[in-house]
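Each remark here refers to the structure printed beneath this line.
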Amino acid sequence: VPSDVLVVDVTSPVGLSVVEPLFRAAGVRTWVVTAYEEEDDVTFHPSEAADELPKSYLLVLWHQSSRSVWDEKLKLRAGFTAALSLWYTTASPELLPLSISAREGIKRQPLTESKPLGEADVLDLLAFARAKARGQSASVPVVMTWLTRQPERLMALSILCQGYLASNALRCPAEAPVQGPFAEALNKMGWWEAHERIRDRVYSEGLAESLGAVDGRTWWLEAFGGNDLQFTEATSVASGLRFLIEAEMRVAVGERSGIPKLLRWLTEEELEICPDDVGRAYCEIMSLLETLGAAG
Amino acid sequence: MTPGEWQKRRGAWHHDWLRNQFLLLLSAYVKIADGRGRDAAREQSVEYSIFADWCCHVEEASLLIESFEVSMSPRTLLDQPPFSAAPAGVKLWLAIVSHELWIARGGIEQRIRRARIALEAARGAFAVLEGHWRRDRRTAEASEALASVLDDLREFRNCCEALGADFSYLSRRVDVV
């Protein structure tokens, strides 16, 4: 497990002065990279250590506007790796591009004295990164759950499940199940009371031909990321969703079966999914939203 | 009205004004009219305290009830992150499904109808109270006129309590499941 920390920031001229003592107290070496996005040059702090800079890090923190420096100049071009890579900002998460906000992040400014990391934040982040490096599960640090004022992604996922389940029920009415997770989800979401009105709207809006789109990953990913996503971004959105939803729930989705399978399906080509899987995920989401006080 | 605006105005009307101000005021006037307490200042200010206050707030109740379905439907979430950038076709389908399921699952039309009926009942009770008060006040002192409209005052308070109860079924949050 690597042990060093790297901070990448194109917005701050500050080097190690604020962040280094914090991580040193936790027994970790810190490196800072500053750069300007238009230029190729990156500056390493401490400057005299540029030649011996590690390529493997336990934790990389990158300012949200510095993504290209981390992704393109260091990680992709120079082969740097990190057990845990987090963006940071003090801006509202709603203002961030989805390709960034769907990744893991914290609302801090590690290089400055305004909203810096606290000692507890540092210890939590390091423990989380070490667990991740070892492939172990660990609770998400509090500093990473700031963005979950309401379970937006979980609520969004429940709406997507409704769209998928309704489409499948409409397209195959004769095969509508009477038991099992699909049937349970249809009952819970009020399908039998609403299906005639929904069917009428489908025909009046000319949507009948497009209902089958819900069976493909693209439909789900586009709903979250828009239709201008590149493939790599769609992949990062899908993998980021799992983190965001775990953070929203403040529990590991691994404790359930339906939600993890649905999220895995978004990124794993070989995996297939059926209405029973989505129905199971929907019932689990419903139960979680009720637990979180966001439903019922 | 966005869900946030609707929720804020609902809180101001239902919790802050109706429950914690107006119903307490009506109960105080019922007590005075019933002879269980004298309050000369309140007796003189019936029109200002009750009538003007009700007239100032009743239209807000109507607006909140009539805008509930549009403002608090889960389809409003499709205009917010993470759906903001979703393609129009995806949004249209999800809007239809999420809205119609919410209407059916939550009995939304019945809830709105009940709140409307309760509001009309309160309006009716207020009109009776105000009419009787103005009639009696022409020939009687405030305390006597107040005593003469005790039953009307009770009825109006009961209608406002029922309105508060039915209004509480208009959910404070956007329910998606």
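Only a predicted model underlies this, so the values are computations on that prediction, with no experimental measurement involved. Just so we're on the same page: letters track the sequence lines, and every chain starts at 1.
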Side-chain touch B/I96/A/R197, heavy atoms, less than 4.5 angstrom: no
B/L92 vs A/L207 side-chain heavy atoms within contact, under 4.5 Å: yes
Check the surroundings of atom CZ in B/R172: do more than 12 heavy atoms from other residues, nucleotides or ligands lie under 6.0 Å from it? no
Above 12 or not: heavy atoms from other molecules or residues under 6.0 Å from CZ of B/F51? yes
Looking only at heavy atoms, what is the nearest atom pair of [X] and [Y], with distance?
{"X": "B/L94", "Y": "A/G163", "result": "CD2-CA, 3.9 Å"}
{"X": "A/A194", "Y": "B/A104", "result": "CB-CB, 3.6 Å"}
{"X": "A/I159", "Y": "B/P74", "result": "CD1-O, 4.0 Å"}

Using the ring pair (Phe, Tyr, Trp, His ring centres under 6.0 Å) rule, collect all pairs that involve residues 94-125 of chain B, keeping only residues at least two apart or in two chains. B/F68-B/W102, B/H99-B/W102
By a 4.5 Å heavy-atom criterion (distance strictly below it), what part of A/L211 contacts chain B: side chain, backbone, both, or neither? side chain
Output the distance between atom [atom1] ([X]) and atom [atom2] ([Y]), rounded to the nearest 0.5 Å.
{"X": "A/R201", "Y": "B/E100", "atom1": "CZ", "atom2": "CD", "result": "6.0 Å"}
{"X": "A/I198", "Y": "B/L101", "atom1": "CD1", "atom2": "CG", "result": "4.0 Å"}
{"X": "B/W93", "Y": "A/Y164", "atom1": "CH2", "atom2": "OH", "result": "13.0 Å"}
{"X": "B/D175", "Y": "A/M155", "atom1": "CG", "atom2": "CE", "result": "8.0 Å"}

Is any side-chain N of the basic residue among B/K91 and A/E205 closer than 4.0 Å to the acidic one's carboxylate O? no
Counting heavy-atom pairs closer than 4.5 Å to chain B, which one of A/C161, A/S210, A/A213, A/S167 comes out on top? A/S167
Between A/Q162, A/E193, A/K188, who has the most heavy-atom pairs with chain B when the cutoff is under 4.5 Å? A/Q162
Give the intermediate values and the outcome of side chain to side chain contact (heavy atoms under 4.5 Å, CB included) for residues B/V90 and A/W220. CA-CA 9 Å; B/V90 174; A/W220 295 74; over 6 Å; no
